Amino acid sequence: QVQLVESGGGLVQAGGSLRLSCVASGRTFSRYTMAWFRQAPGKDREFVGAVTWSAGRTSYADSVKGRITISRDNAKNTVYLEMATLKPEDTAVYYCAAGYGGSRWTNYDYWGQGTQVTVSS
């Protein structure tokens with residue numbers, strides 16, 4: 001079993017930046033790829049990006065590429081999502097997930113509770 005707890009969401013003005021954190025715990029979480037998804041009201045859950053625990057290899061959705069950075073701190077069991085030049089359309093609940101990689105949310109077995117990010121214009 002893997003437990004994930006996100007934090008760092010909040011209200012930010014357009015053009016601003018934000019860093020989300022996801023603390024992982026559980027016996028085997030280091031085997032998984034860690035991903036960030038987001039879901040805006042009335043929309044499907046959307047892949048944002050992912051990182052592997054072992055090699056730190058990252059992948060990003062085209063819609064956010066160049067504005068976000070995903071990293072991990074193995075010593076702290078924490079994955080970060082840093083977002084810059086935020087836009088109102090980035091407003092969503094952001095979820096941390098652990099799974100086998102890729103951009104499909106069905107590839108991920110474990111999910112955090114989500115953290116709200118609201119970008120005001």
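What you see is a predicted model; the values in this text were computed from it and never measured. Nothing fancy with the numbering, it's 1 onward along the sequence.
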Quick one: does Glu6's side chain have a donor or acceptor within less than 3.5 Å of a partner on Gly114's backbone?
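Confirmed, Glu6 side chain pairs with Gly114 backbone.
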Report the residues that fulfil ring-ring contact (aromatic ring centres under 6.0 Å, His included) with Tyr60, sequence neighbours left out, ordered by chain and then residue number.
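Here no residue qualifies.
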Counting only heavy atoms not in Gln113, do more than 12 sit closer than 6.0 Å to its CD atom?
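Check passes, neighbour count above 12.
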Check side chain to side chain donor-acceptor pair (under 3.5 Å) between [X] and all other residues, then give those that pass, not counting sequence neighbours.
X: Thr58; result: none
X: Thr118; result: Gln116
X: Thr52; result: none
X: Lys65; result: Asp62

Would you tabulate the side-chain donor-acceptor contacts of residues 17-24 under 3.5 Å, counting partners in other chains and residues two or more places apart, or write 'none'?
none

Minimum heavy-atom distance Ala40-Ala92, with the two atoms named:
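Answer, listing the atom of Ala40 first, then Ala92: N-CB, 3.8 Å.
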Show the nearest heavy-atom pair for residues Leu11 and Ser120, with the distance to one decimal.
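For Leu11 and Ser120, the tightest heavy-atom pair comes out as CD1-CB, 4.2 Å.
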Any [X] side-chain heavy atom under 4.5 Å of [Y] side chain:
X: Leu4; Y: Met34; answer: yes
X: Tyr94; Y: Gln39; answer: no
X: Ile68; Y: Val48; answer: yes

Not counting sequence neighbours, list each pair that qualifies as a salt bridge (Lys or Arg N to Asp or Glu O under 4.0 Å) and has a residue in residues 40-51.
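Qualifying pairs: Arg38-Glu46.
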N/O donor-acceptor pairs under 3.5 Å from side chains in residues 76-87, not counting sequence neighbours:
residue: Thr78; atom: OG1; partner: Lys76; partner atom: O; Å: 2.8

So how far is it from Arg31 CZ to Ser54 OG, rounded to the nearest 0.5 Å?
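With rounding to 0.5 Å, CZ (Arg31) is 12.5 Å from OG (Ser54).
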From CD1 (Ile70) to CH2 (Trp36), nearest 0.5 Å
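Taking CD1 in Ile70 and CH2 in Trp36, the distance rounds to 8.0 Å.
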What residue pairs, at least two apart or across chains, pass disulfide (SG to SG under 2.5 Å) with a residue in [range]?
range: residues 49-95; value: none
range: residues 39-80; value: none
range: residues 44-87; value: none

Regarding Ser25 and Gln3, is there a side-chain donor-to-acceptor distance under 3.5 Å anywhere?
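Yes - a donor-acceptor pair under 3.5 Å links their side chains.
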Under a single-linkage rule joining Ile, Leu, Val, Met, Phe, Trp and Tyr whose side-chain heavy atoms are separated by less than 4.5 Å, which residues share a cluster with Tyr108?
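The other cluster members (ILVMFWY side chains, heavy atoms under 4.5 Å, direct or chained) are Phe37, Phe47, Val93, Tyr95, Trp105, Trp111.
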Find out if a path of hydrophobic residues (ILVMFWY) with successive side-chain heavy-atom gaps under 4.5 Å connects Tyr32 to Val5.
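The answer is no; the residues belong to distinct hydrophobic clusters.
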